[in-house]
Amino acid sequence: MSLLDRGFEPDAIESSLYEWWEASGFFKAGASGEPYSIMIPPPNVTGTLHMGHAFQHTLMDALVRFARMDGKRTLWQMGTDHAGIATQMIVERQLAAKNLDKSALGRDTFIDEVWKWRNESGGEISRQLRRMGSSLDWSRETFTMDAEYACAVREAFVRCHEAGYIYRGKRLVNWDPVLKTAISDLEVESKEEDGSLWHIRYPVVGDDGEFVTVATTRPETMLGDTGVAVHPEDVRFAHLIGKRVRVPIAGREVPVIGDSYVSMEFGTGCLKITPAHDFNDNEVGKRHGLPEINIFDAEAKLTEAAPSHLQGLERFDARKAIVKTLEELGLLAAVESHRVQIPRGDRSGAIIEPYLTDQWFMRMDALRDTAVDAVTDGRIEFVPAHYANLFNAWMRDIRDWCISRQLWWGHRIPAWYDEAGKVYVGRSENEVREKHGLEDAPLHQDEDVLETWFSSSLWTFATLGWPGCPESTAPLRDFHPTSALVTGHDIIFFWVARMIMMTQSLLGEVPFRQVYIHGLVRDAQGQKMSKSRGNGLDPLDLVDGIDLDSLLAKRTSNLMQPQLLPKIERATRKEFPNGIAAHGVDALRFTFAALASTGRDVRFDLSRVDGYRNFCNKLWNATRFALMNTKDYAHGAGDGGLAERWIRSRLATRIKACRRAYAEYRFDWLASNLYEFIWHEYCDWYLEVAKPSLWAAESNPESAAATQRCVLEVLESLLRALHPLMPFITEALWQQVSKRLNIEGDTVMLQPYPVFDQASIDEDATSDFDWMRAVVTFLRTMRSERGLPPGEPLPLLLQGSDSVVATAKLRLQEFEGTIRHLGRASKIVFLDEGAAAPPSAFELVGDMKIMVPLEGVLDLDTERRRIENVIQKAEQALKRTSAKLANSQFLQKAPEAIVLEEQQKAQTLESKLTRLQQEHAALH
RNA sequence: GGGUGUUUAGCUCAGAUGGGAGAGCAUCGGCCUUACAAGCCGGAGGUCGCAGGUUCGAUCCCUGCAACACCCA
């Protein structure tokens, strides 16, 4: 009963419940029922929980908890990603701090270091996921570098290679000269930066004194030029096509070619062609058979392909040197400033160099088509649907995917080379030897690893036992294809598309049936949250609270740009002058749900969390009230009266809405329905109406017992309905409430989710209850508007036709006590229809006039103005409706139901107006 | 340059089938009413970005424009 004594303290309930849930095995994949599965997008093992995770996991956990309660055989698969580059960078940085270098350690020792780091520091995200209440199946936790997972990766590689999807080749790739690895198109971020356009004269061979002036943003690449191109229809240069020009400094003679890729308007209209260091030039070069001359090494320094005095120069030093030489030679025609797109690696920030190397690629043409088909024919559904367009558009333009990386941490490519350099692909060296009869021939394995996204593209099935033997793949049969994928729009291409392609190619089925795309969490100003901006929030700081100094320290430590410190400090002090209060996990989760509408980005607003913490407090206190007033509850109570029928009807309606919200991924509707129901229906009205009945147990024990039963039953249902969003508080409260109702079961999380009950929908009870609310609201508003004390009892007079009075009397049998209690009515008296009423404040509720005599208090002028106001509004409404009804087109074409509705509206308004005008005239 | 999304109360956002507009927060007034002051009661607040079109009727559908955001080149 300690629950009754204390107020709501989230921390006190959250700490113990999760441990108990997990230890009890409640999160483990279910054993019966229709399968429902979600794979967690595996967080990077290097990661710590950020707002995006917290948001995403709240939604996934709600879906999973809902499915589990709804009787599904539910799996929420846990796991983390080895995150090749990110992890390797962290460990390298740690080594650098100890003045160590990975090349000094050697590959094997370095990988041991990475594992050591992972085992010691890689578990932070798991702890945080538990703190958020995520009901993940930890017993199935998978790491993408686990031995079984690695086996699946090799299998996938070999099968794709056998199917002809994977090939090795020398191609132009995006090269990161800092990390010294190839990266994929998606890992390159292009931004416009200030640059220059250099106009350079290339002498025409055999025509002394004639030049072709090319324009370029990268003069240093001229050392690799193997052609100059003009537009074939450009009359200015038509005579040059077929001639040769001499590339200055390099001294090479190259042809002038015509290619429609050249824009006649841009620059000089002449383009130098460097097939080895530009993607577009590479295509032009291929069309015209131009050689590809690689002038850079892996660190983007000039190689022997450059003149000897320039060799070894880094590319931007080379640029300076070359521009200077050109100037001296008089070959620099002009320099203009120019905005250029600079491609940078998303990890290192280094400027990416298109670079010719041997890499492994995945062919996209056939796989692309199967993926697009799966989305087009509805086997995979995007929610919201418009993301399917984005997906298709991207797939249309997709290029072959470079899957090899020059890193050490990751899945090593299962390919071996003999001494002649011939490549063999297989699951293991032994398999390769046997298959190709290589016996003892020296073989060495490919040094490269696979891109991380290659292994994570297998995530939905490699976690379930694939390829495995029949016994170990039972989970695969049960849970694949998975039910839903929940992710942000930023990784549709990185991950979603690749999962669809890989899964279809390897399993012949889709990886998931629905993809719910949620928005990104931004700060209150709509800015992306990031460490470098210093505007990030740690979700657990919202949960547990943090003082200003700690928050400042957190936001300003290890800044990449220390000059931003004062700005960040100012902004933080302004937004959180007192730090952040503790709100509890449930309030934060509910906030995320409430903000999650239609997949758009969300601006995170702390005042919303405040509001939902208050909501938790409300629920807590409502339960305290329920428990306090049902101590003597005994079974066998009746169904109760109108109020009970009303609240049960409202509950049924809300349950229907909740289920629809789950089906449509509208977590905002889910949240608002539950909030409205609990606060404004259950607490504001039902519990208030219940009080007189509960307190009159001695005079009317049956009624009191029925009320107790309804108070408890509705509360118990709504706790179940709310549980997927607010697991902690609902569990703590449900355990108390269920005890009182003698419900079996240890935990709310394994109770059935409430089912919509059509039989509980009760229109009559709803209109009766609404009538009562109108009467009470009149009394309250009337008092408030006239400045009368809210507590002072006032008599209430009712007047109407016989039938109206008869209905009212029936309703009063149930609600007289309620109206006296909630409206502070001293007595309720009926006036004969024709009788003259005393000077009163009045209102029309339907066809009944309700009034409070205010002899002496009433100011006639004020009352008259009040009525005039109401009359004016009614007249306006009537005018609109009459205009419609006078329109023959409307009568002809509008649906009958709408016409009828308008006719009724007009009738009601007319009679109301008549009454109001009578009252107005009577006010003297 | 191409594409997608957004534009509704002071702020953050709903508006589900086209039938004259909703919530939370903030704000104003009144309440220590035996669950809750993290509360209760009541009020005020809108040219639904702009211009056309379709329709009996448009916040909603169509076209154009503007602003903002993101993606691609």
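Being a predicted model, the structure only gives us computed values, none of them experimental. Every chain is numbered from 1, with letters handed out A, B, ... down the list of sequences.
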>> Roughly how many Å apart are B:C11 and B:U47, using the P atom of each and rounding to a whole number?
In response: 13 Å
>> Could you identify the nucleotide paired to B:A67, looking across every strand shown and requiring Watson-Crick or G-U wobble geometry with both distances under 3.5 Å?
In response: B:U6
> Given B:A35, B:A14, B:U33, which nucleotide is nearest the side-chain atoms of A:S597?
Replying inline: B:A14
> Side chain of A:T781: nearest nucleotide among B:G39, B:G43, B:C36?
Replying inline: B:G43
>> Could you check whether A:R820 makes a cation-pi contact with A:W695, meaning its NZ or CZ is under 6.0 Å from the centre of the six-membered ring and within 45° of the ring axis?
In response: no
> Of all the choices, B:G42, B:A35, B:C13, which nucleotide is nearest to the side chain of A:T777 once you look at every atom?
Replying inline: B:G42
>> How many whole angstroms separate atom CZ of A:R396 from atom P of B:C71?
In response: 19 Å
> Which value, in whole Å, describes the distance between the C1' atoms of nucleotides B:A37 and B:C32?
Replying inline: 8 Å
> When we call it a touch if two heavy atoms are under 4.0 Å apart, what does A:E688 touch: a base, just sugar-phosphate, or nothing?
Replying inline: base
> Between A:N621 and B:A38, does any side-chain N or O lie under 4.0 Å from OP1 or OP2?
Replying inline: no
> Taking atom P in both B:G22 and B:U59, what distance in whole Å separates the two?
Replying inline: 14 Å
> Are A:F55 and A:F604 an aromatic pair by the rule of ring centers under 6.0 Å?
Replying inline: no
> Just wondering, do A:F8 and B:C36 stack (centres under 5.5 Å, planes under 30°)?
Replying inline: no
>> Please report the distance separating the C1' of B:G5 from the corresponding atom of B:G49, rounded so that it comes out in whole Å.
In response: 15 Å
> Of the nucleotides B:U12, B:G20, B:A35, which one has an atom closest to the side chain of A:R880?
Replying inline: B:G20
>> salt bridge (charged side-chain N to carboxylate O under 4.0 Å, His left out), that's the test. Do A:R339 and A:D194 meet it? Break it down for me.
In response: CA-CA 5 Å; A:R339 296 286 287 175; A:D194 284 327; 2.8 Å; yes
> Are the side chain of A:S784 and the backbone of A:R780 linked by a donor-acceptor contact shorter than 3.5 Å?
Replying inline: no
> CH2 of A:W620 versus P of B:A37: gap in Å, rounded?
Replying inline: 15 Å
>> Checking contacts here: which listed nucleotide (B:G5, B:G42, B:C36) is nearest the side-chain heavy atoms of A:H386?
In response: B:G5
> When rounded to the nearest Å, what value does the distance between C1' atoms of B:U4 and B:A58 take?
Replying inline: 24 Å
> How would nucleotides 52-59 of chain B be written as a contact map, 5' to 3', with B for base contact, S for sugar-phosphate-only contact and - for no contact, using protein heavy atoms under 4.0 Å?
Replying inline: ----B---
> Taking atom C1' in both B:G3 and B:A16, what distance in whole Å separates the two?
Replying inline: 28 Å
>> Tell me if the aromatic rings of A:Y675 and A:Y612 count as close, with their centers under 6.0 Å from one another.
In response: yes
> Within 45° of the ring axis of A:W669 and under 6.0 Å from its six-membered ring centre, is that where the NZ or CZ of A:R660 lies?
Replying inline: no
> Under 4.0 angstrom, heavy atoms only, what part of the nucleic acid is A:H680 near: base, sugar-phosphate, or nothing?
Replying inline: sugar-phosphate
> Want to settle it: does A:W669 or A:S607 sit nearer the 5' end of RNA chain B, counting the closest nucleotide to each?
Replying inline: A:W669
> What nucleic acid atoms does A:C683 come within less than 4.0 Å of, heavy atoms only: base, sugar-phosphate, or nothing?
Replying inline: base
> Which of the following nucleotides, B:G39, B:C71, B:G19, is nearest to the side chain of A:I898?
Replying inline: B:G19
> Any donor-acceptor pair under 3.5 Å joining the side chain of A:R666 to the base of B:A16?
Replying inline: no
> If you measure from the P atom in B:C28 to the same atom in B:G10, how many Å do you get, rounded?
Replying inline: 16 Å
> Any cation-pi pair here, A:R866 with A:F842, using under 6.0 Å and within 45°?
Replying inline: no
> Mapping A:A622 and A:Y612 to their closest nucleotides on RNA chain B, which lands nearer the 5' end?
Replying inline: A:Y612
>> I'd like the P distance from B:C60 over to B:U6, given in whole Å.
In response: 13 Å
